[in-house]
Q: 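Following this message is one structure expressed as structure tokens.
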2 protein chains.
Amino acid sequence: MKIGQLAKTVDLDIQTLRYYESQGLINEPQRLENGYRDYPQNSVERLRFIKKAKLVGFTLKEIKDLLAIQVTKDEHTCQEVKNFTQIKLDEINQKINELSEIKAALQKIHTSCCGGEETAAHCSILQALEN
Amino acid sequence: MKIGQLAKTVDLDIQTLRYYESQGLINEPQRLENGYRDYPQNSVERLRFIKKAKLVGFTLKEIKDLLAIQVTKDEHTCQEVKNFTQIKLDEINQKINELSEIKAALQKIHTSCCGGEETAAHCSILQALEN
DNA sequence: TTAAACCCTAAAGTGTACTAGAGGGTCAAA
DNA sequence: TTTGACCCTCTAGTACACTTTAGGGTTTAA
Ligand SMILES: [Zn+2]
Ligand SMILES: [Zn+2]
Ligand SMILES: [Zn+2]
Ligand SMILES: [Zn+2]
């Protein structure tokens with residue numbers, strides 16, 4: 001399968017596929033006589049794995065590690081795999097908490113501003129940021 | 001006040017201060033005879049404003065705009081100011097929602113994994129990512 | 001006097017995940 | 001035969017907010 005076909009199948013850019021190859025996320029495919037990449041069928045599954053993992057918040061580097069486990073499942077344990085998702089969950093929770101704090105702080109000063117059309121000389125938002 | 005003193009006072013890197021200057025977030029300070037930057041006292045407040053605004057989720061560009069309003073308060077309205085924070089609040093809410101969705105998806109596959117020490121050949125996390 | 005601590009500029013590097021551009025070769029159909 | 005669609009490599013650009021490096025000059029205390 002040539003790169004254009006693969007790109008269409010998995011709905012990714014041709015450049016993205018070459019980029020993933022350069023980052024070691026997919027193996028270098030064999031080449032046709034003219035130098036074109038010739039992907040095996042399982043490239044489709046591998047790329048779908050990558051897309052799913054991205055969707056649930058993994059970075060490309062993390063996905064690379066995850067793929068290393070996936071292709072040698074027998075040499076790894078559920079524990080190892082679950083560690084990945086646990087760490088990711090912790091990170092996501094932390095980000096949500098940080099954003100929630102920011103939101104609360106912003107909400108507070110937002111609510112106290114009158115929003116009127118007079119000059120902002122007395123604006124409570126600016127005052128809050130000044131202190 | 002020289003840059004090192006200011007950096008210590010507001011707890012920012014010297015380079016960061018010069019970077020903020022290059023981005024127009026703080027005015028170019030006067031120079032001493034030897035060429036060293038000599039900051040006025042109000043730089044401290046200005047930088048604290050910037051730090052607070054960053055904490056509340058504004059980008060440097062947005063802070064620049066906000067500062068433009070702040071120094072010419074009389075020419076702007078509360079409405080304008082409140083618009084800024086409203087937009088920011090919307091963005092933060094959207095980010096939280098996105099993260100919550102990712103969290104839910106990840107949580108789901110995470111919970112279904114046994115986490116045991118046997119081989120990951122049957123791991124439901126990997127299976128979820130494969131399909 | 002000399003060493004540490006401080007200051008300067010300008011340019012390049014960092015991380016993330018691509019995206020775009022230059023410049024060129026290959027293939028199928030009209 | 002020529003047009004258009006496809007493929008190749010290599011390099012650079014994108015956004016953001018710094019951080020680092022190189023190569024200097026200045027001040028202060030021992
Ligand atoms: Zn008002
Ligand atoms: Zn107001
Ligand atoms: Zn298991
Ligand atoms: Zn498992």
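In the text below, chain A, chain B and the rest are named by the order of the sequence lines, each starting its count at 1. Treat the numbers as computed from the prediction; the structure is a model and nothing was measured.
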Q: Taking any heavy-atom pair under 4.0 Å as a contact, classify A:Arg37: base, sugar-phosphate, or nothing.
A: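 If one applies the 4.0 Å heavy-atom cut-off, A:Arg37 turns out to touch the sugar-phosphate alone, with no base involved.
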Q: Rounded to the nearest Å, what distance is computed from the CG atom of residue B:Asp38 to the C1' atom of nucleotide C:dC6?
A: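 To the nearest whole Å, that distance equals 15 Å.
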Q: Once each nucleotide of nucleotides 17-30 of chain D is scored for protein heavy atoms under 4.0 Å, what B/S/- sequence comes out, 5' to 3'?
A: BBSB----BBS---
Q: Between A:Asn97 and A:Glu101, is any side-chain donor less than 3.5 angstrom from a side-chain acceptor?
A: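 On atom types as modelled, these side chains do not qualify, holding no pair under 3.5 Å.
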Q: Rounded off to whole Å, could you give me the CD-to-C1' distance for the B:Glu28 and C:dC7 pair?
A: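 Going from CD in B:Glu28 over to C1' in C:dC7 covers 17 Å.
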Q: What integer distance in Å separates A:Gln5:CD from D:dC7:C1'?
A: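 A:Gln5 atom CD is separated from D:dC7 atom C1' by 14 Å.
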Q: In whole angstrom, what separates B:Leu6's CG from C:dC7's P?
A: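 The distance from CG of B:Leu6 to P of C:dC7 comes to 10 Å, rounded to the nearest Å.
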Q: Determine whether more than 12 heavy atoms belonging to other residues, nucleotides or ligands lie under 6.0 Å from atom NZ of A:Lys103.
A: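 Open: at most 12 neighbouring heavy atoms sit under 6.0 Å from NZ of A:Lys103.
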Q: Rounded to whole angstroms, how far apart are OH on A:Tyr39 and C1' on D:dC7?
A: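 Atom OH in A:Tyr39 sits about 11 Å away from atom C1' in D:dC7.
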Q: Measure from NZ on B:Lys8 to C1' on C:dC7 and round the result to the nearest Å.
A: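 It is 14 Å, rounded to the nearest whole Å.
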Q: Calculate the interatomic distance between A:Ile14 atom CD1 and C:dT19 atom C1'; express it in whole Å.
A: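 From A:Ile14 CD1 to C:dT19 C1': 13 Å.
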Q: Knowing that exactly one of B:Tyr20, B:Tyr19, B:Phe49 qualifies, which makes a side-chain contact (heavy atoms from CB on, under 4.5 Å) with B:Leu25?
A: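 Answer after filtering B:Tyr20, B:Tyr19, B:Phe49: B:Tyr20.
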Q: With a 4.0 Å cut-off, would you call B:Glu91 and B:Lys88 a salt bridge?
A: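 Judged by the 4.0 Å cut-off on N to carboxylate O distance, B:Glu91 and B:Lys88 do form a salt bridge.
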Q: Can you tell me if A:Asp38 uses its side chain to pair, donor with acceptor, with the backbone of A:Leu32 under 3.5 Å?
A: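 Not at all, since once roles are kept as given, no pair shorter than 3.5 Å links the two residues.
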Q: May I have the distance from A:Arg18 (atom CZ) to C:dT19 (atom P), rounded to whole angstrom?
A: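 Rounding to the nearest Å, CZ of A:Arg18 and P of C:dT19 are 13 Å apart.
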Q: Test: salt bridge (charged side-chain N to carboxylate O under 4.0 Å, His left out). Region: residues 110-131 of chain B. Which pairs qualify, not counting sequence neighbours?
A: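 Passing the test, one end in residues 110-131 of chain B: A:Lys73-B:Glu130.
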